[in-house]
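A short worksheet on the structure shown next.
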Amino acid sequence: MKLLPGLGRFPVSSFMVVLVACANSSVRSPFGDETDAGADADASAGASADAGPDASVDADAGPDAGADADAGIDAGTPPSTPIALTVEGAAPTQVTLAWSDTSSNEDGFKIERKVGFGNYALQATLAANTTTWSESVSPNMLYYYRLYAYNALGVSGTSNEVVVITPPAAPTDLVALGGEGAVSLTWRQPPGATSYEVWRSAVSGGPYSLAGTATEISFVNTGLANKTVYYYVVRAFTFAGGSGNSAEVSARTAKCVWESPVAVADAGADAITTPRIAVDGEGNAFVAWSLANDAGKATILARRRTWDGGVWATPETVAPSGLQPEIVTAKNGDAIAVWTDANDAGVVQGWARWFRAGEWGGTVVMETPDAGQVFDPRVAVGPSGDAVIVVTWDNLIGGSSVWAKRYVADAGGWESATRLGDGLGAVDGPDIAMGVGESAFAVWAQSSGLHTPVFASRLVSPGGVWGDAGLVSGNAADSTAPAVAADPLGNATVVWAENNDTLGYSRIVASTFLASVSAWGDAGPIDDGLSGGSTPSVATDLAGNVFAAWGTESSGVSGVSANRRLAASGGWGTPALVTDGVLDCTRSASSRKTVVGFGIGIAETASPKIAVDLEGEAVLVWTMCKGGVWTSSFSTYSNSWSATRELSTDAGGVANDPRVGSVQSLGAIAVWASNGATNSSVLASVCR
């Protein structure tokens, strides 16, 4: 029992709080006005000679009571007072009243209600012999009810009064977000609610079990299995009881959990740069990196790891001298590494080497004109094992061009290198992707002297003929960092950063090559138009859906944003800011922390890289917080990005240049360089 000030004690149920008051001793005139019982006796002479203080309790009490013992109530009098008014049924939005009909001569009943501490007003008129009545009510409200009977000669006294306090409404806007072994829930507070119960089920619609209680409008359900869907409802409570269930929501926990990073390479005081990772469909991974040597050059090293075994093999030397390594895996688990290195004449060229049958094969040089240098090698492998390398060749007199070299798996050999484009202006890029039928797409930005638009050339197979380089962006565009991805359906998407003189900063722009029309579509922005964009990354899944991610900057604050293009609709969605909080960037394990924020990233964010698995879900890595490596994953179940988390734990070093590869639907592997004052290393973290 609880005490409501001014109302005495009343019982508390799980639905309603009801107070039953004493019967009212007043009677009513035919006009519904309450009058003193004695005065009413005079006005209704002959109706009830004995109407007095107890008239509402015993309608027959009076001089005629004995003569009327058989009839119960004289048909020539007003009806007697209904008694025992109670709340028979209650729900958060409905009240059902019941009472005892003590007369046989009423024409009907009138129910009155007042809300809070207002005045009583007629709420319903009911037929004779009625003993129950229901109405809809509002949550979290205080109601008073009473009733009286009436006939042509007058009205009875009023019944006892009941007080009903309705429970709160159910919470609304319930949102569930899955994480690593946990689901985070938030909801909107219904008026008056002071506490909540969170209920969980393994199937939609229940049965539910209590997951926990909360006094705030949020709850984190921990200790859950990963890669599992859970269903939730929430109830709100006040002292009056509990609401009904909220609308059900569901969330899937993380597909994998990131393990603590391990050192793939530890170079001591020697510098390590440009770690790269490639993962095949079975989860077998290759990591390659460049290690400075005592001769003032760098060695290209690589290390392998099987998914099931989980052990990194002994590092192997891919090239005794080289820079800018890149590595990819073929569908059958083979790999190909490319890098740049100077020949005996001091000319920097592109080099390549296959890994097959458990060992590295011979090296292949990519022929380009001698009077120049090669930069930025990129490599891609197709479904059947064909491969394409692209490089930038600088002629040392202000001109550059893109060169491509193809490996044909069926023939077991490399074709001669081919120049793409005219070679008249400086090149930014290039990038390469392979798709259906061993076709390939090369993209790059190249200066015309006035502007730097984006160009593309397509290799059509069979035949192995590169098409003419064509504009993808506008000819008046100033573009940087083009990146391309192709799907098995023959489509490709290129994204780049494009300077916008009107906005005063760069925007992220994309164009898609549609195999159905064999042409590039119109280029258009895919960012929010509110902040600068740079260093985009792009990936596609088997169904042709595309993910793009890029760095953003606005008012000196930077972050990472992403967008998704669905093949079914053919259009890009709404860009999302992945870095959704402000971080304390102090490089100290004890002082680094997350501070709640909305729509704000953090300064010094750079170079996001993205990978997509066979189920069309993405994982993103980037550097942030003065040298930390961070990650977030996109779930197709919730169509949202997960909360960001830091992968790097080396507070004394600077983690940089992260890369990530997806493993079917099993997980992912991320690598990065860590450079401290006295030690450099390559670190890797596995999500499984």
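- The closest side-chain heavy-atom distance from Asp431 to Trp496 is not below 4.5 Å.
- At a cut-off of 3.5 Å, with distance as the only test, no side-chain donor of Tyr208 or Glu197 sits close to an acceptor on the other residue.
- With hydrogens and angles ignored, the 3.5 Å screen pairs a side-chain donor or acceptor of Thr194 with a backbone N or O of Phe237.
- Here Thr172 contributes atom OG1 and Gln189 contributes atom CD; the two are 10.0 Å apart, rounded to the nearest 0.5 Å.
- Minimum interatomic distance between Thr329 and Val381 (heavy atoms only, all atoms of both residues): O-CB, 4.1 Å.
- Of the N and O atoms on the side chains of Thr636 and Glu615, not one donor lies less than 3.5 Å from an acceptor on the other residue.
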Ring pair (Phe, Tyr, Trp, His ring centres under 6.0 Å) between Tyr196 and Phe219, worked out: CA-CA 9 Å; Tyr196 307 90; Phe219 179 79; over 10 Å; no

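- Although no hydrogens or angles enter the test, the distance criterion places no donor-acceptor pair under 3.5 Å between the side chain of Ser195 and the main chain of Thr215.
- Taking CD1 of Ile669 as the start and CD of Glu259 as the end, the distance is 9.5 Å to the nearest 0.5 Å.
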Derivation and outcome, side-chain hydrogen bond (donor to acceptor under 3.5 Å, both in side chains), residues Ser136 and Thr93: CA-CA 6 Å; Ser136 297; Thr93 58; over 6 Å; no

Gln94 vs Ser134, side-chain contact (heavy atoms from CB on, under 4.5 Å): CA-CA, chis, key distance, verdict: CA-CA 7 Å; Gln94 188 177 57; Ser134 298; 4.2 Å; yes

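- Counted within 6.0 Å of CG on Asp522, heavy atoms from surrounding residues, nucleotides or ligands total 12 or fewer; the atom is thus considered open.
- Atom NZ of Lys227 sits in a crowded spot, with more than 12 heavy atoms from other residues, nucleotides or ligands closer than 6.0 Å.
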Check against side-chain contact (heavy atoms from CB on, under 4.5 Å), Tyr144 and Val163: CA-CA 5 Å; Tyr144 295 78; Val163 183; 3.5 Å; yes

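- Pro658 pairs in a side-chain contact (heavy atoms from CB on, under 4.5 Å) with only one of the listed residues (Leu683, Val629, Leu647, Val671), which is Val629.
- With Thr166 contributing its side chain and Ser138 its backbone, the two residues share a donor-acceptor pair below 3.5 Å.
- Of the possible polar contacts, none joining the Asn245 side chain to the Val233 backbone as a donor-acceptor pair under 3.5 Å is found.
- For the residue pair Ser218/Thr186, the side-chain donor-acceptor check at 3.5 Å is not satisfied.
- A donor-acceptor distance shorter than 3.5 angstrom exists from the side chain of Arg235 to the backbone of Ser243, with no hydrogens or angles considered.
- Between Glu617 and Phe634 the shortest heavy-atom distance is CB-O, 3.3 Å.
- To the nearest 0.5 Å, the span separating CH2 on Trp99 from OG1 on Thr131 amounts to 6.5 Å.
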Verdict with reasoning, Tyr232 to Ser246, per side-chain contact (heavy atoms from CB on, under 4.5 Å): CA-CA 9 Å; Tyr232 292 89; Ser246 68; over 6 Å; no

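- At least one side-chain heavy atom of Val87 sits under 4.5 Å from a side-chain heavy atom of Val164.
- With Asn491 contributing its side chain and Ala515 its backbone, the two residues share a donor-acceptor pair below 3.5 Å.
- For Arg188, the CZ atom counts as loosely surrounded, since its 6.0 Å shell holds 12 or fewer non-hydrogen atoms of other residues, nucleotides or ligands.
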Stepwise side-chain contact (heavy atoms from CB on, under 4.5 Å) test for Arg200 and Val183: CA-CA 11 Å; Arg200 182 187 70 231; Val183 171; over 6 Å; no

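- For Thr86 and Glu88, the side-chain atoms include at least one donor-acceptor pair closer than 3.5 Å.
- Panel note: side chain Asn284, backbone Gly333; no donor-acceptor pair is recorded below 3.5 Å.
- Taken to the nearest 0.5 Å, the CD1 atom of Ile111 stands 7.5 Å off from the CG atom of Leu85.
- Under a 3.5 Å cut-off, the side chain of Asp487 and the backbone N or O of Thr540 do not form any donor-acceptor pair.
- In this structure a side-chain-to-backbone donor-acceptor pair under 3.5 Å is missing from Arg564 to Asn639.
- Remark: of the listed residues Val621, Ile610, Thr623, Leu620, Leu620 is the sole one forming a side-chain contact (heavy atoms from CB on, under 4.5 Å) with Val560.
- Side-chain atoms of Ser642 never come within 3.5 Å of backbone atoms of Gly179 as a donor-acceptor pair (strictly under, hydrogens ignored).
- In this structure the side chain of Thr306 never reaches within 4.5 angstrom of the side chain of Arg304, judged on heavy atoms.
- Separating the CZ atom in Arg113 from the OH atom in Tyr145 is a distance of 5.0 Å, to the nearest 0.5 Å.
- Residue Ser674 holds its OG atom at 8.0 Å from CG of Asn656, rounded to the nearest 0.5 Å.
- Minimum heavy-atom separation, Cys256 to Leu666: CB-O, 3.9 Å.
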